[in-house]
Amino acid sequence: MKKVGFFVGCNTAFNRPDNEAAVRYALPKLGVEIDNLDGQTCCPAFGTMPSIDDAAWAASSAWNLIIAEERGVDIVTTCGSCYGSLSESYHNLHAKPALKEKVNEQLAKIGKQYKGTSQVRLLVNYLHNEIGLDAIKQASVINLNGLKIAVQPGCHTIWPSKAYFEGESDAFHPARLRALVEALGGIAPSYSRLTDCCGMGAMRSASPERSMLLFKKKLETINTELAPDLIVTGCNSCLMQFDMSQDQLQKKGEIENVIPAMHIMQLLAICLGADPKQITAMSVQNMDEILNKICGVKI
Amino acid sequence: MSKIGVYVCHCGENIAGAVDCKAVREYSESLPGVTVAREYLFMCSDPGQDIIKQDIKAGLVDRVVVAACTPRTHEAIFRKACEEGGINKYLCEMANVRDQDSWAHWHDKDGATLKARRLIRSAVAKANHLEPLMESSGDAIKSVVIVGGGVAGMFSALDLAEMGIKVYLVEKEPSIGGHMIKLDKTFPTMDCSACILTPKMVEVAQHPNIELLSYSEVESVAGHVGDFKVTVKKKARYVDFNTCTGCGVCTEVCPAKVKNDYNYNMDTRKAAYIQFPQAVPKKAQIDSANCLYFKSMAKTGKPACQICQKGIPAKNIAGCPANAINFGQKDEFIDLNVGAILLATGFKPMPKDPFKEYSPQSPNVVTAMEFERIISATGPTEGELKRPSDGNKPKSFAFVSCVGSRDKKHHTYCSKVCCMYMFKEARIVKEKYPDSEIYLFFIDVRTPGKDFDEFHTYCREMGMHVIKGSRVSAIDELPNGNLRVRGFDSDLGQAVEVEVDMAILATAIEPAAGTEEFARKFSLCQGAEGFLKEVHTKLYPVETSTKGVFLAGCIQGPKDIPESISQSRAAASAAAALLIPGKITFDPLISEVNADKCSGCGVCTPLCPYGAISMVGTNGDTRAQIESVLCTGCGVCAATCPSRAITLHGFSTEAVEAQIVTLARRYR
Amino acid sequence: MAIILSEMDKAFISEIKERGGFDIHACVQCGKCAATCPLSLAGFPFYIKKLIHAIECGMREEIMEDSSMWACQSCNRCVEVCPQDVKPYEVLLALRRAAVRELSVPGNTIEGLRNLYKTGHAVYPKGYQARRKAVGLSEEPPSTLSFPEMLEQFQEFLRNSELNEVGLFPMKKEEKK
């Protein structure tokens, strides 16, 4: 049986625990055991340790990498930022021996050492590469029946591509999230701003209005080119933006319609048989209509 | 006892800036064999050389050591000065106290001065052992092989032919003309490319001194300057060259369609084809890889199609009226004996596929050469402006510069011609269709060159939008086939985007395919980016490290047509200067075997990189012999010979040992 | 008024290089990062292209007074497209590090770091226990929040790190959530 260390991060654990629940449902259904990586901390977020010092950043990531190492598992995560921070640290620690030495000096003070035996994997990639589309199709009990979906991979999941050992072969045309959606029976056409930033992240904290400029552009393109039934993200942070901010914009009259959004793990969990209401319980949006569509019966 | 003169050059500040020349001159006086030591600001200048000549004529010196710059550029000058002074020119030695001393140790003045003393001491020790040597000479065959029939190859061929030198022009494509014949118009004059080039192509084909070997490639090269042996493979056309009239019937009746790489796969041609209507020579050939006859013969041994030859009698369709088709034709190998070789094999434009951020999957994103073919009268749309995805007439265009150039991921160099050709292509479109919207995205606008900047400002006056400081970040493909080009207008200080019907990428110019293998044939070096290396970019731009092999055109580096022609004519002139005197002089600084000392062990023979050594003699009584014209004086054999039977003239064992001894001494 | 380049802080760029912007000199201001940089698209005064040139010009004061750098999304698209391998994002991080040492940091950054120290999480919102319970999960995630000894160890690690040197807030030993 495969086993992975589930890195829950902050936003998933506290704000979208329904997405965490989705992971805890879906992975065992696909034959993957979950290790909780007891004692994990923040990845650390880009606005924290990375903005203080590069060795302190790598060392803070290493805290988590070491937990996975000690348990002999790779890390999987739902959030692009977590994936980004952990992967970049992994990459730097392996590419710069002097950095690794400095980090191990810091870690030695608490009796820890970073060896580098555990990989960092985004769930989208893990599903696509490790589990495989066929296994997912086989395990699904719900088919999306051509549901039209706009995917949002999320910036951190695709670049910097050199830091990601199983990165997309063409970072400018990410294909994996689309392939996963299609394996579940949906259609996921490309759209012209697919790789653009949704605006969630440091910018949303620093200046919500400016963050909305990016987000509105994204929505405009999705609506004009696709008019989809659902938005599926590969990143938990993007999920929060699509879920919370459309409502706010609609209330202000800045957009007309709201497209329901969920994370690929939530969609997968539903297709594997999870309770759809519970697995999307923390959505700000009303998910009833889309869930009806997906599940085919009145919820 | 030799009388050595030591001349210490200041080289302006280049040497004197780090080395205490005065002290070094004084030190030189004390060295064994030195009768005179002088210093001067620029020894290579006329007055500088006069100092040496005067000392020789006055009988003060009979050997000369010049402590100056590099023998690579200046040895010949000082040797000549010595000869004019009255001593054998090989009694002259240089100590490189510039490249190997002052430049390398600029911040250590004391160290540099001490090193200069040692370098001069070493040169003086060697000078004591120098011997007078005489140059030898060989015949210079008055003919040249030019490889590459593009604009550079053509113009050098014409110049050489006019000078009475026989030229063999070898071109691997079926026709000459290279890339230039594919262009619509040329900058800065806006001449129609075919109009100015086809007369020259015809001239090349008809010139009595030029033998045009089209659809041919160089197979192997041997020999040396003045006497090269070049084997050329004339590829089988499967069409009799002399009988074919270029009528084109075979191309019409041939059933096999192939993607036409002449037009970058934007249209198709037949397996039996003529490359383009103005091809020179205008002959057909059969692409055997795609011809149904050859494919079926290889598979089943039976011919599936011979329509080009026999027509389809049942339908009253005739085949070749001149009966020129010859499926049994074979490649022909011919041996040429020439005095010099000129390489003008050109470039290839980078394709768009590596640039994923620019939506290369869209057919409406094209490279500049592809666009040139679209707007060209001989191109896939016969000059009608149609965009690839839907055949509609595009009204808005974005030109994107520096795609693959000035880029650590691809090529760090600037491809030089793109800024100008972007404006040129834009101008062609704007002049024909004044209501076109054209956006040109540049990092910098680079339009030096005669009449170039006026071309640029004229284009602005035509109303084209020039956006600078704006390497394009992304090109998004839109559902209707349009492109969204995203750049950053540095003059506005803001991100900008435009929706256009077509995007044209100015991709980098790379050396022609197969350059590495090709370079090896001629024992040439390539630069870091793959272009063939000239001896010196300023002083010797057309010469290579192999004497008698010259370069012209883009094979040496990206350049436009005016520069290619200038360089090609320069190369022709350099080759002619070499051949017209009729004799080539050979350096006597080569190795020679003393047959008495040679034990016949044969160790030296396989070591020679130039294949200059052979074992001669009879019945096991063989001795090594060095072919002097092939020897370049590298010294490997001399260093290896266990019997010390080989002398490298100018670097005798005694001389080198004397240098080692004096350098190893502990006195300063 | 014109910026007087000769009076700018020439040492600024060296500091940025030391703190992680090692390849800043490779930038030729080609602009490829700028058109898809979220900071530029969202209209922030100092997007990464401009920041790099401003650093080279030595405009320390102007940059430090502006808060654009804290809105960077860390998306790394600039790193992905840069033809000179400048790694512009790392220059921006180096800049933030310099700003932190001048205590020029936005409030929510300090809050995030405080949360990180107190709990092990940078984001620490109220009411999460109920949310987790509602979806059938344990009230606390399996992080340092569930393993107090590990939280203590993590806090010791942070006390020994650069974060303590910077001194944005006191890092006491018995700090409980």
Side-chain angles (χ1 to χ4, degrees), chain A residues 8 10-11 13-15 17-18 20-21 24 36-42 44-56 59-60 63 81 84-85 88 106-107 109-110 112 155-156 158-161 171 195-197 199-203 205-207 210-211 213-214 217 278-279 281-282, chain C residues 19-20 36 38-39 41-44 67-68 70-77 79-80 87 89-90 93-94 96-97 99-100 105-106 108-109 112-113 115-116 120-125 128 131-132 134-137 141-144 146-147 149-151 153-154 156-158 160-163 166:
Chain A
V8 298
C10 306
N11 270 317
F14 300 132
N15 287 319
D18 51 348
E20 181 183 329
R24 293 191 187 280
N36 274 335
L37 297 177
D38 291 344
Q40 54 179 279
T41 59
C42 188
F46 290 108
T48 61
M49 299 307 278
S51 300
I52 301 293
D53 178 68
D54 65 345
S60 307
W63 168 276
S81 297
S85 183
E88 286 171 49
Q106 286 189 21
L107 292 168
K109 294 183 191 158
I110 51 168
K112 297 213 178 226
C155 311
H156 290 292
I158 44 184
W159 28 66
S161 60
T195 54
D196 281 21
C197 177
M200 187 62 178
M203 190 184 287
S205 313
S207 170
R210 288 211 174 108
S211 162
L213 289 175
L214 296 178
K217 203 60 175 179
Q278 196 189 51
I279 234 77
M282 294 300 131
Chain C
R19 295 205 185 279
T36 43
L39 286 176
L41 288 169
F44 282 87
S67 60
S68 301
W70 296 101
C72 166
Q73 297 285 60
S74 310
C75 75
N76 270 278
R77 191 163 182 161
V79 172
E80 191 71 23
K87 301 187 222 17
Y89 174 60
E90 295 186 13
L93 279 181
R96 284 186 179 175
R97 292 166 192 162
V100 159
V105 196
N108 54 20
T109 302
L113 286 162
N115 285 338
L116 184 68
H121 290 271
V123 171
Y124 191 68
Y128 67 87
R131 288 196 279 272
R132 289 183 66 83
V135 294
L137 296 174
S143 64
T144 37
S146 296
F147 297 92
E149 349 64 76
M150 291 192 79
L151 178 59
Q153 198 180 34
F154 186 65
E156 191 190 332
F157 159 70
L158 287 177
N160 285 323
S161 75
E162 269 295 301
L163 181 59
V166 171

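Order of the sequence lines sets the chain letters (A, B, ...), proteins ahead of strands, with each chain counted from 1. The shown structure was predicted, so the numbers you read here are calculated from the model rather than taken from an experiment.
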For chain C, which candidate among [options] shows the most heavy-atom pairs at distances under 4.5 Å?
| options | answer |
| --- | --- |
| A/Ile158, A/Leu214, A/Leu213 | A/Leu214 |
| A/Ala171, A/Cys197, A/Pro160, A/Gly201 | A/Pro160 |
| A/Gly199, A/Gly84, A/Ala55 | A/Gly199 |
| A/Ala45, A/Cys155, A/Ser161 | A/Ser161 |
| A/Asp38, A/Asn36, A/Asn11, A/Thr48 | A/Asp38 |
| A/Arg210, A/Gln40, A/Met49 | A/Arg210 |

What part of [X] gets closer than 4.5 Å to chain A, counting heavy atoms only: side chain, backbone, both or neither?
| X | result |
| --- | --- |
| C/Leu39 | both |
| C/Leu113 | both |
| C/Arg19 | neither |
| C/Thr144 | both |
| C/Ser74 | both |
| C/Asn160 | both |
| C/Phe44 | both |
| C/Leu163 | both |
| C/Pro141 | side chain |

Exercise for review: Could you tell me whether a side-chain N or O of C/Arg132 sits under 3.5 Å from a main-chain N or O of A/Ala13, the two making a donor and an acceptor?
Suggested key: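 Such a contact is found between C/Arg132 side chain and A/Ala13 backbone.
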
Minimum heavy-atom distance between [X] and [Y], given as atom pair plus value:
| X | Y | value |
| --- | --- | --- |
| A/Gly39 | C/Met150 | CA-SD, 3.5 Å |
| C/Pro125 | A/Asn15 | CG-OD1, 3.7 Å |
| A/Gly47 | C/Arg96 | CA-NH1, 4.0 Å |
| A/Thr195 | C/Arg77 | OG1-NH1, 3.4 Å |

Between [atom1] of [X] and [atom2] of [Y], what distance do you get to the nearest 0.5 Å?
| X | Y | atom1 | atom2 | result |
| --- | --- | --- | --- | --- |
| C/Leu137 | A/Arg24 | CG | CZ | 6.5 Å |
| A/Ser205 | C/Trp70 | OG | CH2 | 12.5 Å |
| A/Ile110 | C/Gln153 | CD1 | CD | 4.5 Å |
| C/Tyr128 | A/Met282 | OH | CE | 14.5 Å |
| C/Phe154 | A/Trp63 | CZ | CH2 | 7.0 Å |
| C/Glu162 | A/Asp54 | CD | CG | 9.5 Å |

Chain C contact via [X] - side chain, backbone, both or neither, heavy atoms under 4.5 Å:
| X | result |
| --- | --- |
| A/Ser60 | both |
| A/Lys112 | side chain |
| A/Ile279 | neither |
| A/Met200 | backbone |

For a 4.5 angstrom cut-off between non-hydrogen side-chain atoms, does [X] reach [Y]?
| X | Y | value |
| --- | --- | --- |
| C/Tyr89 | A/Phe46 | yes |
| C/Asn76 | A/Glu88 | yes |
| C/Ser161 | A/Gln106 | yes |
| C/Val135 | A/Glu20 | no |
| C/Pro38 | A/Met203 | yes |
| A/Thr41 | C/Ser143 | no |

Look at C/Ala134, C/Gly43, C/Gly112 and state which one has the largest set of heavy-atom pairs under 4.5 Å with chain A.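 Option with the top pair count is C/Gly43.
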
Selection from C/Leu93, C/Val100, C/Asn108 maximising heavy-atom pairs under 4.5 Å formed with chain A: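 When all of C/Leu93, C/Val100, C/Asn108 are compared, C/Leu93 has the most.
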
Taking side-chain hydrogen bond (donor to acceptor under 3.5 Å, both in side chains) as the test, write out the residues that go with A/Ser81, two or more places apart.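 side-chain hydrogen bond (donor to acceptor under 3.5 Å, both in side chains) list for A/Ser81, sorted by chain: empty.
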
Do A/Asp18 and C/Arg131 sit within salt-bridge range, that is, some charged N less than 4.0 Å from a carboxylate O?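 Answer for the salt bridge query: no.
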
Output all residues satisfying ring-ring contact (aromatic ring centres under 6.0 Å, His included) with C/Phe147, sequence neighbours left out; order by chain, then residue number.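 With neighbours one apart ignored, the set is empty.
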
